[in-house]
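Presented below is the structure to which this report refers.
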Amino acid sequence: MNALHLRRLAVAVSAAAVLPLALTSCSSSDSKDSAAGSAPDKAGSASSPATGASADGSMAPDAPFGPACSSVPENGAGSFDGMAQDPVATAASNNPDLATLVTAVKAAGLVDTLNSAENITVFAPTNEAFAKVPKAALEKLLANKEELTKVLTYHVVGQKIAPKQLSNGSFTTLEKGKLTTSGSDMTYTVNDSAKIVCGNVRTANATVYIVDSVLMPPQ
């Protein structure tokens, strides 16, 4: 075997030895790049505590929704997490936007009734909702315990209502009257008049839908 042939054989053997190492290196590099590219962006998937909206605009499951949810504090007893720890009448008392409702509930003697109930749904009018009622009529209502109880219990349904049930819903209230809901895409109306401005708020014993008008039971 001449010298030229020996040199060619040595080069071929060296190339055969180096090639697997090079391929392994490339494969390892590609895997790292692929893993980096496919890693989830945790920050981007987090939902907003005020609205439940994810970064992509979708709604997080079971999250509160509605334009007024943005005014709810992020921390403390009046936050969504804080309200979830208390029964509904107590939770409402920690939300300044429900101060008039709380006053009415106390005047009617319904605090213990609402706090001890299980799996109820409350349609809770805001202060602005009560402000729509003429002042004289509101004062008269607050002074009449029987009539006030009738109005307030019309806002309570003795079952848990999920958002998906609001699209075309009909529910019997504790006042024994019928209450209807309609809408879609997290935009819902109660009795064709009151809009849900912050919905699916959880308390220890109730689901709360905050509305912009006081609901009046059928006569």
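Only a predicted model underlies this, so the values are computations on that prediction, with no experimental measurement involved.
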* To do: Kindly give the heavy-atom pair with the smallest separation between T113 and S116, and that separation in Å.
  => O-OG, 3.3 Å

* Asked: Would a 4.5 Å heavy-atom cut-off, applied to side chains only, mark I120 and V157 as touching?
  -> no

* Do S71 and D97 come close enough that some side-chain heavy atom pair is under 4.5 Å? -> yes

* Sidechain-backbone polar pair: H155 side chain, L215 backbone, donor-acceptor under 3.5 Å -> yes

* Asked: How are the rings of Y188 and F65 set to each other: parallel, tilted or perpendicular (split at 30° and 60°)?
  -> perpendicular

* If you measure from NZ on K176 to NZ on K150, what distance do you get to the nearest 0.5 Å? -> 13.5 Å

* Structure fact -> Rounded to the nearest 0.5 angstrom, the OG-CE distance for S93 and M83 is 9.0 Å

* **Residue pair V214 / V133: nearest heavy atoms and the distance that separates them** => CG2-CG2, 4.1 Å

* Do E74 and S79 have side chains that get closer than 4.5 Å, going by heavy atoms? -> no

* Structure fact -> Of all heavy-atom pairs linking V201 and P64, the shortest is CG2-CB, 4.4 Å

* Asked: Do T173 and K178 have side-chain atoms, one donor and one acceptor, less than 3.5 Å apart?
  -> no

* Measure from the side-chain N and O atoms of T187 to the backbone N and O of G183, and report whether any donor-acceptor pair falls under 3.5 Å. => no

* Asked: Got P73 and F80 here, is their nearest side-chain heavy-atom distance under 4.5 Å?
  -> no

* Over all heavy atoms of both residues, which pair between V211 and A129 is shortest? Give the atoms and the distance, please. => O-CB, 4.0 Å

* **Verify same cluster id: Y154, V102 (apolar side-chain graph, 4.5 Å)** => no

* Looking at Y209 and G199, what are the two nearest heavy atoms and their distance? -> CD2-CA, 3.5 Å

* To do: Flag the pair T181 / T189 as yes when at least one side-chain heavy-atom distance between them is below 4.5 Å, and no otherwise.
  => no

* Structure fact -> With I210 as partner, the option from N200, N95, L101 fulfilling side-chain contact (heavy atoms from CB on, under 4.5 Å) is N95

* Check whether any side-chain heavy atom of L166 lies under 4.5 Å from a side-chain heavy atom of I196, and answer yes or no. => yes

* Asked: Which pair of heavy atoms, one from S70 and one from P67, lies closest together, and at what distance?
  -> OG-O, 3.0 Å

* Pair T203-V208, side chain to side chain contact (heavy atoms under 4.5 Å, CB included): steps then yes or no -> CA-CA 7 Å; T203 73; V208 178; 3.9 Å; yes

* **Distance-only side-chain donor-acceptor flag, T121 / K160, under 3.5 Å** => no

* Indicate whether any N or O donor in one side chain lies under 3.5 Å from an N or O acceptor in the other, for N127 and T100. => yes

* **Pair D192-T180, side-chain donor/acceptor within less than 3.5 Å** => no

* Asked: Is there a donor-acceptor pair closer than 3.5 Å between any side-chain N or O of N205 and the backbone N or O of V88?
  -> yes

* **Whether over 12 other heavy atoms sit under 6.0 Å from K132 NZ** => yes

* F171 side chain reached by Q165 side chain, heavy atoms, under 4.5 Å -> yes

* To do: Please assess T207 against R202 for the test side chain to side chain contact (heavy atoms under 4.5 Å, CB included), listing each intermediate value before the final yes or no.
  => CA-CA 5 Å; T207 301; R202 303 302 179 87; 4.1 Å; yes

* State whether the side chain of N115 and the backbone N or O of A89 hold a donor-acceptor pair below 3.5 Å, judged by distance alone. => yes

* **F123 vs N191 side-chain heavy atoms within contact, under 4.5 Å** => no

* Identified side-chain contact (heavy atoms from CB on, under 4.5 Å) partner of K145 from the options L148, T149, L141 -> T149

